[in-house]
Amino acid sequence: MQPDLLQTLDTLFDYIEDHIHEKLTLDHLASITHISKFHLHRMFKHASGQLPGEYIRARKLARSLEQLVDLNWKIIDISGHYSFEHEQSYIRAFKQAFGITPLQYRKQGAGDLQFTARMTSSMITILPYGYIFHPIYVRKPAMKLIGQQSQIRYVDNEEYYKSNSVGNLFYEKYFHLIPNVLHDNVYIGLTNEIEEHYSTYQPSVEVTSLEEIPKELNGIEVPANQYAVFKFVCDFHPSLINIDHLDSVWTFIDEYWQSHSGYSKSDAYYFERIDGSLAQEHYGELDIYIPAKQITL
């Protein structure tokens with residue numbers, strides 16, 4: 001992982017703000033930062049929930065609020081100032097974002113609007129083997145899993161990468177034999193913390209039914225729950241991710257999130273999710289879903 005990533009990102013965000021009046025394309029931003037279009041696209045989506053074009057348009061609209069409160073600016077001039085092709089394009093985008101037209105906003109004055117703030121590198125934490133985005137919170141319905149459950153001692157996982165081994169074995173031997181798969185190429189690793197020295201680990205796939213479970217495999221239904229979702233990104237294939245890489249992730253979760261977020265773990269299990277369709281030799285993503293409940297700090 002490039003050590004100057006945060007500086008590169010801040011340079012990128014500064015560039016967007018300094019050139020917000022221009023037409024900014026993904027190709028151009030990738031050439032400025034020397035980050036591939038693929039990585040740039042994914043980074044924006046993780047950090048802001050928006051694609052690069054959506055973020056840039058949202059920032060143009062947010063910045064245009066400054067001119068709207070200045071009656072010396074005509075709306076057609078504002079649209080041109082931020083490189084909207086037509087005045088109507090600007091009006092439509094504004095109404096879609098804020099629920100009112102620019103003229104209505106001008107007449108009402110500077111009322112309460114929720115707008116997209118400038119992105120900063122503080123949304124991302126650099127770790128020894130990758131980087132992690134601050135969590136999002138989701139409510140996920142119950143899911144049915146088929147996989148192969150193993151008991152793993154923590155000491156064996158630290159020394160022999162046991163979870164990594166059983167996960168890769170499951171993927172190679174069983175993954176493509178399971179019927180009724182809900183999401184092709186999506187791997188789920190379910191951990192259930194039993195006691196201080198060991199846990200169960202079940203590499204799995206999500207299915208629509210537990211009626212057809214192949215021999216040697218287990219079926220389980222995970223209840224509906226609320227989760228904090230942490231996305232870890234690395235510059236190697238996700239099949240190579242092991243406990244050494246994830247130690248820093250769990251340090252971040254234990255030391256920062258549980259102490260400062262207003263949330264805490266609400267159950268003894270958690271699961272990892274890997275979308276294999278995104279995997280590349282020099283790129284990997286892993287989502288960690290932790291049951292979370294809100295607490296009073």
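If you read the sequence from its start, that first residue is 1, and numbering goes on from there. Atom set for the values below is all heavy atoms of this structure, side chains included, hydrogens, waters and symmetry mates excluded.
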- Is atom OH of Y137 surrounded by more than 12 heavy atoms (other residues, nucleotides or ligands) closer than 6.0 Å? yes
- Message: Quick one, E285 and P238 - any side-chain contact, counting heavy atoms below 4.5 Å?
- Response: no
- Item | 4.5 Å side-chain heavy-atom contact, T101 and I75 | no
- D156 bridged to R153 by N-O distance under 4.0 Å: yes
- Message: Could you measure the distance from the NE2 atom of H183 to the OG atom of S277? Nearest 0.5 Å is fine.
- Response: 11.5 Å
- Item | Same cluster (ILVMFWY, side-chain, under 4.5 Å), Y174 and V186 | no
- Closest non-hydrogen atoms of Q226 and K293, given as atom of the first, atom of the second and distance, are NE2-CA, 4.3 Å
- Query: Looking at P223 and Y269, what are the two nearest heavy atoms and their distance?
  - Reply: O-OH, 4.0 Å
- Is the distance between the ring centroids of Y283 and F38 under 6.0 Å? yes
- Query: Step by step, would you call I124 with V233 a side-chain contact (heavy atoms from CB on, under 4.5 Å)?
  - Reply: CA-CA 10 Å; I124 302 169; V233 178; over 6 Å; no
- Inter-residue atom distance E158.CD - D247.CG, 0.5 Å rounding: 5.0 Å
- About how many Å separate OG of S204 and OH of Y171, when rounded to the nearest 0.5 Å? 14.0 Å
- Query: Are any of the side-chain heavy atoms of Y154 and E193 separated by less than 4.5 Å?
  - Reply: yes
- Item | side-chain contact (heavy atoms from CB on, under 4.5 Å) between F271 and M143, worked out | CA-CA 12 Å; F271 63 90; M143 60 179 181; 3.4 Å; yes
- Message: I'd like to know if the side chain of N185 reaches the main chain of D275, judged simply by a donor and an acceptor atom lying under 3.5 Å from each other, with no hydrogens or angles considered.
- Response: no
- Do I288 and V229 belong to the same hydrophobic cluster, where Ile, Leu, Val, Met, Phe, Trp and Tyr are linked whenever their side-chain heavy atoms lie under 4.5 Å apart, directly or via other members? no
- Task: Using the side-chain contact (heavy atoms from CB on, under 4.5 Å) rule, take T208 and K144 through it: C-alpha gap first, then chi angles, then the decisive distance, then the call.
- Result: CA-CA 7 Å; T208 58; K144 300 177 179 67; over 6 Å; no
- Do you know which two heavy atoms are closest between L240 and H245, and how far apart they sit? O-CE1, 3.2 Å
- Item | Working for ring pair (Phe, Tyr, Trp, His ring centres under 6.0 Å), residues Y15 and H28 | CA-CA 11 Å; Y15 184 90; H28 181 58; 5.6 Å; yes
- Item | R59 side chain to T116 backbone, donor-acceptor under 3.5 Å | yes
- Would you say L40 and I16 are hydrophobically clustered, going by side-chain heavy atoms of ILVMFWY under 4.5 Å? yes
- Message: To the closest 0.5 Å, what do you measure between OH (Y90) and OH (Y82)?
- Response: 8.0 Å
- Message: Other residues, nucleotides and ligands only: do more than 12 of their heavy atoms fall within 6.0 Å of CD on E281?
- Response: no
- Heavy-atom side-chain proximity of Y129 to I241 below 4.5 angstrom: no
- The single option from F252, F230, F133 that satisfies ring-ring contact (aromatic ring centres under 6.0 Å, His included) with W257 is F230
- Is any side-chain heavy atom of I146 less than 4.5 Å from a side-chain heavy atom of N180? no
- When you check the side-chain N and O atoms of E272 and Y270, is any donor under 3.5 Å from an acceptor? no
- Is it possible for you to say whether L246 and Y227 belong to one hydrophobic cluster, with membership spreading through side-chain heavy-atom contacts below 4.5 Å? no
- Item | Atom NE2 of H237 with >12 non-hydrogen neighbours under 6.0 angstrom | yes
- Hey, any chance L61 and V69 share a hydrophobic cluster, counting ILVMFWY side chains that come within less than 4.5 Å of each other, even indirectly? yes
- Note on the structure: Shortest non-hydrogen pair, T120 vs R118, comes out as CG2-NH1, 3.5 Å
- Which atom of I78 lies closest to which atom of S64, heavy atoms considered: CG2-CB, 3.8 Å
- Query: Have Y256 and T125 got a donor and an acceptor in their side chains that come within less than 3.5 Å?
  - Reply: no
- Query: Is there a side-chain contact between R106 and W73 (heavy atoms, below 4.5 Å)?
  - Reply: yes
- Should Q151 and I194 count as side-chain neighbours, where that means a heavy-atom distance under 4.5 Å? no
- Given the rule in the side chain to side chain donor-acceptor pair (under 3.5 Å) test, do S89 and H86 qualify, once you have shown the distances and angles that lead to the verdict? CA-CA 5 Å; S89 300; H86 308 285; 5.2 Å; no
- Item | N/O donor-acceptor pair under 3.5 Å between Y55 side chain and M119 backbone | yes
- d(L169 CG, N164 CG) to nearest 0.5 Å is 11.5 Å
- Task: Pick out which of I132, D254, L286 makes a side chain to side chain contact (heavy atoms under 4.5 Å, CB included) with V249.
- Result: I132
- Carefully, step by step, assess Q96 and R57 under the rule side-chain contact (heavy atoms from CB on, under 4.5 Å). CA-CA 12 Å; Q96 183 178 18; R57 183 172 61 251; 5.6 Å; no
- How long is the gap from OG on S261 to CD1 on I295, to the nearest 0.5 Å? 6.5 Å
- Message: For K231, I'd like to know if atom NZ has over 12 heavy atoms of other residues, nucleotides or ligands within 6.0 Å.
- Response: yes
- With a cut-off of 6.0 Å (strictly less than), are more than 12 heavy atoms of other residues, nucleotides or ligands near CD of E85? no
- Check the side chains of T25 and D27 for a donor-acceptor pair under 3.5 angstrom, ignoring hydrogens and angles. no
- Message: I need the minimum non-hydrogen distance between G147 and Q202, along with the two atoms involved.
- Response: N-NE2, 3.4 Å
- Note on the structure: Only residue of H21, K60, Q67 satisfying side-chain hydrogen bond (donor to acceptor under 3.5 Å, both in side chains) with H81 is H21
- Query: Do I243 and S163 have side-chain heavy atoms sitting under 4.5 Å apart?
  - Reply: no
